[in-house]
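These figures come from a predicted structure and were not determined experimentally.
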Amino acid sequence: MNPIISGSGIRGVFGRSLTVGDAAGFAAAFGVLAGRGAIVVGRDTRRSGPAVQAAVFAGLMSAGCDPLDLGVVTTPTVQLEAMKEGVSGGISITSSHNPGEWNALKLIGPDGVFLRTGSRARLMEVLREGTPHEDYRGVGTPGSRTGATGRHVDAIMRLPLVAGKGRDLSVVLDVTGGAAAEFAPMLMERLGVRYWVINPLMTPEGDFPRVAEPTVDSLDGLAGAVLEHGADLGFGFDPDGDRLALVDGSGRVIGEEYTVALALDHVLGRRPGPAVVNLSTSMLAEEAARRHGCSIHRSPVGEVNVVEEMERRGATIGGEGNGGVIDSTFHAGRDSGVAMAYAVSFLRTREDQTLGSWADGFPEYAMIKRKFPLVSGFDALRTALEGVFGEPEDTRDGLWYSRNGGWMHIRPSGTEPVVRFIAENPNKDYIESDLRAFNETMENLCVE
């Protein structure tokens with residue numbers, strides 16, 4: 001089995017499709033790409049993290065780079081540190097929302113952005129041609145850099161649209177045993193928000209205490225804790241702390257799709273302009289932008305794709321419907337800390353509003369997200385689906401269709417060996433009809 005390589009990094013199941021040899025090789029190639037200099041390295045809490053980190057350090061040093069250990073930190077923390085003077089890039093060792101047996105390298109340029117298309121192409125050239133290794137005079141030396149989480153929190157508190165004081169609020173933080181376990185409480189303390197933490201640790205076996213992806217289906221425990229403590233809202237994280245999902249004070253799982261809409265509503269009312277979300281993001285984002293007379297543009301799925309479309313459109317706010325908020329005036333990456341701070345600030349500027357009452361002000365859309373094993377490659381499926389659904393409106397990332405007041409997006413995942421079916425519509429029956437047609441198409445391909 002080979003690692004999955006995409007704009008989201010290089011990932012696989014540890015010991016099978018991602019070995020320490022793979023990690024060392026990719027890190028060495030990245031070191032060649034970055035050039036000699038310091039490379040910041042952080043990781044999440046996966047049991048394989050220290051082993052992968054040791055391999056990454058070895059690979060970087062063999063390329064003449066000086067790796068700096070940040071410890072267990074969120075991916076956006078690594079992105080911010082990669083932008084510091086004298087740093088040539090960064091690596092976040094995390095497989096984000098994948099289960100505990102997975103791990104990955106997220107490769108970050110000195111601009112704090114995941115490797116862009118041209119850099120990814122050059123990285124693959126280095127891997128194909130063979131990575132040169134330094135001799136004993138040129139080999140890099142390891143080091144460490146402390147305080148990265150605190151610097152991240154300090155920077156968020158300096159954002160103009162963050163309300164550090166005001167209405168008393170309380171939250172429950174479901175950190176799923178991940179990298180947000182230090183970061184999220186530190187930010188709540190600085191914001192003056194009372195908090196409780198659930199799922200603070202990985203299991204002894206090396207698994208996450210709940211399904212790692214913070215979706216409507218995985219946050220029952222957070223919903224119950226919000227009710228138990230009488231909190232105003234709940235925040236649910238993925239293991240590397242770049243995504244955020246929401247629970248309101250009644251224990252209702254608002255979900256990850258509302259996170260970007262809330263940030264857009266908060267920001268565009270004070271800093272109007274275009275915004276960007278990906279093709280799989282809910283129409284809630286469009287409604288939030290419409291409230292302020294602002295336009296929404298869509299990009300292929302993937303953080304770097306959203307960032308590049310934001311740059312093309314002159315947008316400073318955007319994100320992805322998986323709970324990732326990007327404010328490029330801060331840094332060009334998804335950041336759960338920005339999402340949390342904007343959620344708190346939004347409620348502090350609306351004394352008479354709750355998260356639930358805000359969410360109830362949006363139109364009701366049904367959304368279905370499914371994933372299926374991708375056995376025979378996407379090209380054959382693409383041809384078959386076009387025969388069923390016709391020509392799509394957008395082919396930048398799989399197949400995107402406008403469907404009777406809603407949309408349908410079918411695409412090969414960049415993070416798992418699956419094909420994703422995501423659809424949204426005011427009428428759930430319409431989505432289910434399309435899903436049945438999709439299933440039949442998949443079954444026919446398997447039979448053939």
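For Ala223 against Gly251, the heavy-atom pair with the smallest separation is CB-O, 3.1 Å. Scanning both residues, Ala275 and Leu268, for their nearest heavy atoms gives CB-CD1, 4.5 Å. The heavy-atom pair separating Pro185 from Val197 by the smallest distance is CG-CG2, 4.0 Å. What you find for Asn322 and Arg243 is that their closest heavy atoms are O-NE, 3.1 Å. Scanning both residues, Gly177 and Thr45, for their nearest heavy atoms gives O-OG1, 2.6 Å. The two residues Glu257 and Met367 make their nearest non-hydrogen contact at OE2-SD, 3.6 Å.
Side-chain contact between His292 and Asp265: present, with at least one pair of heavy atoms (C-beta onward) separated by less than 4.5 Å. By the 4.5 Å heavy-atom criterion applied to side chains, Arg43 and Pro50 are counted as neighbours. Between Thr74 and Val78, every side-chain heavy-atom pair lies at or beyond the 4.5 Å cut-off. Using a 4.5 Å cut-off on side-chain heavy atoms (C-beta onward), Val276 and Arg298 make no contact. Using a 4.5 Å cut-off on side-chain heavy atoms (C-beta onward), Ile93 and Asp44 make no contact. Looking only at side-chain heavy atoms (C-beta outward), Ile108 and Leu115 stay at 4.5 Å or farther from each other. Counting heavy atoms from C-beta on, the side chains of Arg334 and Pro76 never come closer than 4.5 Å. A 4.5 Å side-chain heavy-atom check between Ile431 and Phe421 finds at least one atom pair inside the cut-off.
Atom CZ of Arg47 has 12 or fewer heavy atoms from other residues, nucleotides or ligands within 6.0 Å. Around the NZ atom of Lys369, the shell of radius 6.0 Å holds more than 12 heavy atoms that belong to other residues, nucleotides or ligands.
Salt bridge Arg122/Glu125: absent, no basic N to carboxylate O contact under 4.0 Å. The pair Arg313-Glu309 meets the salt-bridge criterion, with a side-chain N (NZ, NE, NH1 or NH2) lying under 4.0 Å from an Asp/Glu carboxylate O. Under 4.0 Å is where a charged nitrogen must lie from a carboxylate oxygen, and between Asp220 and Arg210 no such pair does.
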Stepwise side chain to side chain contact (heavy atoms under 4.5 Å, CB included) check, Leu244 with Glu256: CA-CA 6 Å; Leu244 187 76; Glu256 71 277 23; over 6 Å; no

Report the C-alpha distance between His152 and Asp335 in whole Å, list the side-chain angles of each, state the deciding distance to 0.1 Å, and finish with yes or no for side-chain hydrogen bond (donor to acceptor under 3.5 Å, both in side chains). CA-CA 10 Å; His152 187 174; Asp335 194 320; 2.8 Å; yes

With side chain to side chain contact (heavy atoms under 4.5 Å, CB included) as the test, would you mind laying out the steps for Phe372 and Asn439 before giving the verdict? CA-CA 9 Å; Phe372 303 85; Asn439 277 323; 3.2 Å; yes

Show your working on side chain to side chain contact (heavy atoms under 4.5 Å, CB included) between Lys106 and Ser96 and close with a plain yes or no. CA-CA 9 Å; Lys106 291 186 174 182; Ser96 188; 3.7 Å; yes

Evaluate the criterion side chain to side chain contact (heavy atoms under 4.5 Å, CB included) for residue pair Met188 and Phe235; output intermediate values, then yes/no. CA-CA 11 Å; Met188 291 300 101; Phe235 292 141; 4.3 Å; yes

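To the nearest 0.5 Å, atoms OG (Ser336) and CG (Asp242) are separated by 7.0 Å. Annotation: the span from Ile296 atom CD1 to Thr281 atom OG1 amounts to 8.5 Å, rounded to 0.5 Å. Interatomic distance, Glu286 CD to Leu264 CG, rounded to the nearest 0.5 Å: 10.5 Å. Atoms CG and CG, from Leu381 and Leu399 in turn, are 7.5 Å apart once rounded to the nearest 0.5 Å. For the atom pair OG (Ser250) and CG (Asp232), the distance works out to 11.5 Å, reported to the nearest 0.5 Å. For the atom pair CG of Asn103 and CZ of Arg46, the computed distance is 5.5 Å after rounding to the nearest 0.5 Å.
In this structure a side-chain-to-backbone donor-acceptor pair under 3.5 Å is missing from Ser433 to Tyr430. Using a distance-only test at 3.5 Å, with no hydrogens or angles considered, no donor-acceptor pair links the side chain of Arg252 to the main chain of Val247. With hydrogens and angles disregarded, a donor-acceptor distance shorter than 3.5 Å links the side chain of Thr441 to the backbone of Ala437. In this structure a side-chain-to-backbone donor-acceptor pair under 3.5 Å is missing from Ser17 to Pro3. Distance alone, capped at 3.5 Å, places no donor-acceptor pair between the Ser95 side chain and the Asn98 backbone. Thr383 places a side-chain N or O within 3.5 Å of a backbone atom of Asp379 that can act as its donor or acceptor partner. For Ser328 (side chain) and Ala332 (main-chain N/O), no donor-acceptor pair under 3.5 Å exists by modelled atom type. In this structure, Arg411 contributes its side chain and Ile422 its backbone to no donor-acceptor pair below 3.5 Å. In terms of modelled atom types and a separation under 3.5 Å, the side chain of Asp207 and the main chain of Thr203 share no donor-acceptor contact. For the pair Asn425 (side chain) and Asn404 (backbone), a donor-acceptor distance under 3.5 Å is present.
Ring pair Phe346/Trp358 is perpendicular by interplanar angle, where above 60° counts as perpendicular and below 30° as parallel.
A donor-acceptor pair shorter than 3.5 Å can be found between the side chains of Asn278 and Glu320. Counted by atom type alone, Thr75 and Asp240 present one or more donor-acceptor pairs between their side chains at under 3.5 Å. Looking only at atom types and distance, the side chain of Asp22 has a donor-acceptor partner in the side chain of Thr19 under 3.5 Å away. Side-chain N/O atoms of Ser119 and Arg116 include no donor and acceptor closer than 3.5 Å. Side-chain contact annotation: Asp327 with Tyr342, donor-acceptor N/O pair under 3.5 Å present. Judged by distance alone, the side chains of Glu424 and Ser282 do bring a donor and an acceptor atom under 3.5 Å apart. Checking Asn199 against Thr176 by side-chain atom types alone, no donor-acceptor pair falls below 3.5 Å.
Cation-pi contact between Arg291 and Phe362: present, with separation from the ring centre below 6.0 Å and deviation from the ring axis of at most 45°.
A ring pair (Phe, Tyr, Trp, His ring centres under 6.0 Å) with Phe389 is found for one member of Trp400, Tyr401, Trp407, Phe438 and no other, namely Tyr401.
Aromatic pair Phe237/Phe183: ring centres not closer than 6.0 Å.
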